[in-house]
Structure formats: structure tokens, C-alpha cells
Amino acid sequence: MSEKLRKINLILELRKYGITDRAVLSSIEKLPREKFIDKELSFKAYKNDALPISCNQTISQPAVVAKMTELLEPDESCNVLEIGTGSGYQTAILSNLFKRVYTIERFKELHENSKEVLKNLSIKNIVFYHGDGKKGWPAKFFFNRIILTAVTNTIPKNILKQLSDNGIFVLPLVHKSSQYITTIKKKNNSIKIKRYWKVRFVPMQSGIQ
Ligand code: SAH
């Protein structure tokens with residue numbers, strides 16, 4: 001099967017999962033996912049699967065990337081904070097849909113690799129940071145949108161603090177011993193939590209490596 005056909009099949013599958021946002025689907029269709037994984041795994045690039053990357057981490061499943069992005073309600077006038085750069089795949093999708101992406105990764109190796117991959121794709125509206133995302137962005141910033149791509153048992157307070165009013169935070173959060181894609185919407189200093197799909201993410205960890 002040609003790469004073009006594999007991409008079309010993936011988009012059809014994402015539609016079956018209920019992803020309807022055209023900008024999100026077209027961003028996924030345009031982006032070469034094979035550039036974010038090991039060469040030996042290239043043949044799996046357009047399967048709707050999570051795949052291993054360096055440092056024992058994973059590149060998320062395309063349907064999950066698409067769902068979380070859709071829930072962020074992409075808006076070209078907004079900035080977005082991403083915690084867990086990993087391969088940089090989700091970062092690249094966000095860069096097409098938002099004004100600027102601020103992304104944090106705790107592994108130096110992944111931080112450096114993703115920077116290189118995105119530079120080669122001529123993507124320029126990303127600010128990379130090697131650090132512990134549990135602490136939030138290392139400056140007194142507020143973000144209209146925040147996405148966390150590692151799972152946590154409790155809502156990370158330092159991150160939530162940096163969400164602006166009327167902002168949306170999308171993350172995998174544990175509820176009754178399962179993980180769910182969750183949205184947290186902030187309005188007038190109160191928050192509304194909503195759960196969506198059951199998922200499996202690698203855990204959010206402290207410190208840097
Ligand atoms: N969106 C990425 C997902 C990578 S997996 C992709 O599709 O490639 C989750 C990532 O979160 C890993 O790279 C992991 O190292 C990172 N991570 C976990 N805890 C973190 C923390 N406290 N700060 C920053 N990154 C963290």
C-alpha cells in the first residue's frame with residue numbers, strides 16, 4: 001500500500017473515532033509521522049497505534065493526538081503550553097493550529113531530538129524548554145490552552161495556575177484507577193471537569209534527566 005493510501009486510511013479511521021475537526025484532520029494528514037519514529041518502525045507510521053520512542057517513552061496514538069487536539073478547541077490567536085514534548089509529533093500538530101507552542105520535556109535526549117526534527121520540517125513557532133513540567137512554564141506566563149501528555153493521579157496545581165480565565169486544559173487523568181482524557185475548563189476562577197476516552201499514557205515524573 002502506498003504512503004498516500006495509508007494516510008487516507010488513517011484519516012478515515014480517525015473519522016470513525018468521531019474526530020470531525022477539519023483543521024485537526026488535515027494537520028494529521030499533512031504531517032510525516034515517520035520522521036518522529038525510528039526508521040525500522042516507519043512501516044507502522046500511519047497505523048493508529050502508539051509506538052516506542054527513546055528513553056522508554058511513546059509517541060501517542062494518532063486518534064488520541066487528534067482527540068486531545070480537538071478538545072483544545074484550536075484557535076490561531078491562542079498560545080498553547082504542552083508538557084511532554086516526547087517525539088515532538090503532537091507539538092508539530094499544535095504548531096499548525098495555534099499562534100505559538102511552548103513545550104517542556106524532562107529528558108534532554110528527547111528535547112534535543114524533537115528540536116532537530118521540527119527544525120528540519122521548517123516549523124518555527126515553537127519555544128522548547130528542557131525542564132520539569134510539573135513546575136509549569138519557567139516564567140510568569142498565562143496560557144489560553146494547556147495540554148499534558150503524561151498521566152497524573154491528581155490535577156497538577158502549578159500547571160493549572162498558568163491557565164488563563166476561559167482557558168482549556170486537556171490531560172490524561174486517573175479516575176477510579178483508570179486513565180481518561182479529561183478537560184478542565186476555567187471560568188471566573190472555578191473549574192469544570194469532563195472525562196472522555198479511557199487511555200493509557202506513560203506517567204508524569206519529577207525532575208529532569
Ligand atoms: N506527545 C508525545 C508524548 C510523549 S510520552 C508524543 O506523542 O511523542 C510523554 C512525555 O512526557 C515523555 O516524553 C516524558 O518524558 C514526558 N514527561 C513526563 N513527565 C514530565 C515532566 N514532569 N515534565 C516534562 N515532560 C515530562
Side-chain angles (χ1 to χ4, degrees), residues 10 14 19 24 27-28 31-38 41-42 44-72 74 80-98 101-118 121 123 126-139 141 143 145-162 169-174 179 181-182 197 199-209:
L10 174 62
L14 298 186
I19 311 295
V24 173
S27 179
I28 288 185
L31 199 66
R33 191 167 182 253
E34 68 278 10
K35 301 271 194 248
F36 297 83
I37 53 178
D38 274 355
L41 293 174
S42 295
K44 289 189 179 173
Y46 297 100
K47 284 188 83 170
N48 186 26
D49 288 335
L51 296 168
I53 55 173
S54 309
C55 309
N56 269 328
Q57 305 301 311
T58 49
I59 177 172
S60 306
Q61 189 189 353
V64 171
V65 171
K67 183 68 178 174
M68 291 178 85
T69 309
E70 195 171 68
L71 289 171
L72 277 176
V80 56
L81 169 65
E82 177 191 45
I83 291 136
T85 319
S87 66
Y89 179 73
Q90 170 88 65
T91 323
I93 297 287
L94 296 172
S95 77
N96 281 326
L97 304 165
F98 287 92
V101 187
Y102 295 79
T103 187
I104 311 180
E105 172 55 53
R106 63 184 289 275
F107 280 105
K108 181 99 177 159
E109 183 183 335
L110 293 173
H111 163 76
E112 295 292 350
N113 282 352
S114 58
K115 242 162 87 170
E116 191 61 25
V117 173
L118 292 167
L121 290 170
I123 298 177
I126 300 174
V127 187
F128 293 88
Y129 178 66
H130 173 227
D132 181 356
K134 273 191 181 174
K135 299 179 180 162
W137 190 256
F141 266 26
F143 298 90
R145 304 286 192 269
I146 301 180
I147 179 169
L148 166 63
T149 63
V151 71
T152 158
N153 286 314
T154 53
I155 299 171
K157 295 285 175 296
N158 289 328
I159 302 174
L160 185 66
K161 255 198 315 212
Q162 293 189 321
F169 182 10
V170 179
L171 72 163
L173 188 64
V174 173
Q179 309 177 9
I181 295 178
T182 307
W197 303 350
V199 281
R200 279 190 73 90
F201 271 83
V202 293
M204 176 154 82
Q205 285 172 332
S206 301
I208 55 170
Q209 292 212 16

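Remember, it's 1-based here, ligands and their atoms both numbered in the order they're listed.
Polar contact with ligand 1: present for Gly133 (N/O pair, distance under 3.5 Å). Residue Ser206 has no nitrogen or oxygen atom sitting less than 3.5 Å from a nitrogen or oxygen atom of ligand 1, judged on distance alone.
Ligand-side atoms of ligand 1 in range of Phe107: 15 (O), range being under 4.0 angstrom from any heavy atom. Contact atoms of ligand 1 toward Val202: 5 (S), 9 (C) (distance under 4.0 Å to a heavy atom of the residue). Ligand 1 places these atoms under 4.0 Å from at least one heavy atom of Thr58: 3 (C), 4 (C), 5 (S), 6 (C), 8 (O). Taking a cut-off of under 4.0 Å to the non-hydrogen atoms of Ile104, the atoms of ligand 1 that pass are 24 (C), 25 (N). Counting atoms of ligand 1 from 1 in the listed order, those under 4.0 Å from a heavy atom of Gln90 are 1 (N). Annotation for ligand 1: atoms under 4.0 Å from non-hydrogen atoms of Ile59 are 6 (C), 7 (O), 8 (O). Short contacts between ligand 1 and Leu110, defined as distances under 4.0 Å to a heavy atom of the residue, involve ligand atoms 13 (O). Near Gly131, meaning under 4.0 Å from one of its heavy atoms, ligand 1 places the atoms 23 (N), 24 (C).
In terms of protein heavy-atom proximity, atom 8 (O) of ligand 1 is closest to Ser87 OG, 2.6 Å. Looking only at heavy atoms of the protein, atom 11 (O) of ligand 1 is closest to Gly84 CA, 3.2 Å. For atom 22 (N) of ligand 1, the nearest protein heavy atom (residue, atom name, distance) is Gln205 O, 2.6 Å. In terms of protein heavy-atom proximity, atom 12 (C) of ligand 1 is closest to Gln57 OE1, 3.4 Å. Counting only heavy atoms of the protein, atom 25 (N) of ligand 1 lies nearest to Arg106 N, 3.4 Å. Of all protein heavy atoms, the one closest to atom 7 (O) of ligand 1 is Ser60 N, 3.0 Å.
Under a 4.0 angstrom heavy-atom cut-off, Gly207 registers as lying outside contact with ligand 1.
Checked by atom type and distance alone, the side chain of Glu105 pairs as donor or acceptor with a backbone atom of Gly86 at under 3.5 Å. A donor-acceptor distance shorter than 3.5 angstrom exists from the side chain of Arg106 to the backbone of Ser206, with no hydrogens or angles considered. Panel note: side chain Thr149, backbone Gly84; a donor-acceptor pair is recorded below 3.5 Å. No side-chain donor-acceptor contact under 3.5 Å links His130 to the backbone of Ile104. Checked by atom type and distance alone, the side chain of Asp132 pairs as donor or acceptor with a backbone atom of Lys134 at under 3.5 Å. At least one donor-acceptor pair under 3.5 Å links the side chain of Gln179 to the backbone N or O of Phe201. Gln61 places a side-chain N or O within donor-acceptor distance of the main-chain N or O of Asn48, the cut-off being under 3.5 Å. Looking at Gln162, its side chain does come within 3.5 Å of a backbone N or O of Trp137 through a donor-acceptor pair.
A 4.5 Å side-chain heavy-atom check between Val24 and Pro74 finds at least one atom pair inside the cut-off. No side-chain heavy atom of Pro62 sits less than 4.5 Å from a side-chain heavy atom of Tyr46.
Comparing Thr149, Thr152, Ile93 against atom 1 (N) of ligand 1, the shortest heavy-atom distance belongs to Thr149.
Rounding to the nearest 0.5 Å gives a distance of 5.5 Å between CD1 of Ile155 and NZ of Lys157.
Nearest heavy-atom pair across Gln57 and Cys55 is NE2-O, 2.9 Å.
Residue Glu105 touches ligand 1 through backbone and side chain together, judged by heavy-atom distances below 4.0 Å. When non-hydrogen atoms are compared, ligand 1 lies under 4.0 Å from the backbone of Thr85 (N, CA, C, O) but not from its side chain.
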